[in-house]
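These numbers come from the heavy atoms of this one structure, side chains and all, not from hydrogens, waters or symmetry mates. Predicted, not measured: the structure shown is a model, and the values here were computed from it. The first residue in the sequence is number 1, and the count goes up from there.
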Amino acid sequence: MGFERKEPEQRRRLLEALSAARINTGTLWLQYFSIGGSVGEYEVEAYLQGMLSVPELERDLLAMAANELLNSQAGPHAPYADELPSSDSNGSEPGSGDAERGSADSEPGSGPNIPGDEADPS
């Protein structure tokens, strides 16, 4: 029943973009549904409040819908899951669902902030 690692950050940034543009949940849901989203408006509201987890595909469709509504406005955009860093493992945990995060720094030990990450008890 837990949330995926990227989900809280993706939700936070989606809410930030919606708030800055003064887009309400109903408007977001209608755009989301029109591009193929399958989660109901009630569930989207629960997701935005942090009470419900939704699959990555649906979160990315919500981001796409928000970005389409934000297209002509300045301000933050809603990120897609692959735009967010792996928060806890810095991409070192196998099977995280993502391709290697930083293709330029994909060699072991070549990137900054790597020492000490393996010893993290969380």
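Residues M64 and I23 fall within the same hydrophobic cluster, defined by Ile, Leu, Val, Met, Phe, Trp and Tyr side chains chained together at heavy-atom separations under 4.5 Å.
Q10 places a side-chain N or O within 3.5 Å of a backbone atom of P79 that can act as its donor or acceptor partner. Side chain of W29 to backbone of Y42: no donor-acceptor contact under 3.5 angstrom is found.
Residues S38 and E58 meet the side-chain proximity criterion, which asks for heavy atoms closer than 4.5 Å. Considering only heavy atoms from C-beta on, L61 stays 4.5 Å or farther from V39 through its side chain. Proximity of N67 to Y80: side-chain heavy atoms (C-beta onward) are separated by under 4.5 Å at one or more points.
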* Would E43 and V54 satisfy side-chain contact (heavy atoms from CB on, under 4.5 Å), going step by step from the backbone distance to the final call? -> CA-CA 8 Å; E43 288 81 7; V54 298; 5.5 Å; no
* **Derivation and outcome, side-chain contact (heavy atoms from CB on, under 4.5 Å), residues L18 and L14** => CA-CA 6 Å; L18 294 173; L14 171 62; 4.0 Å; yes
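Contact record, A66 with L28: N-CD1, 3.7 Å, taken as the closest heavy-atom pair. Closest non-hydrogen pair, L15 versus L48, comes out as CD1-O, 3.2 Å. Counting all heavy atoms, side chain and backbone alike, P76 lies closest to A17 at O-CB, 3.5 Å.
Rounded to the nearest 0.5 angstrom, T25 OG1 and L30 CG are separated by 12.5 Å. Between atom CD of residue E56 and atom NZ of residue K6 there is a gap of 6.5 Å, rounded to the nearest 0.5 Å. In this structure, the separation between CD on Q31 and CG on L69 is 4.5 Å, given to the nearest 0.5 Å.
No donor-acceptor contact under 3.5 angstrom links the side chains of Y32 and E41, judged on distance only. Using a 3.5 Å distance cut-off with no hydrogens or angles, the side chains of H77 and E16 do not pair a donor with an acceptor. Side-chain contact annotation: S53 with E7, donor-acceptor N/O pair under 3.5 Å present.
For the pair R59 and Y47, the NZ or CZ position fails the cation-pi test of under 6.0 Å to the six-membered ring centre and within 45 degrees of the ring normal.
Partner of E9 under the salt bridge (charged side-chain N to carboxylate O under 4.0 Å, His left out) criterion, chosen from R11, R12, R5: R12.
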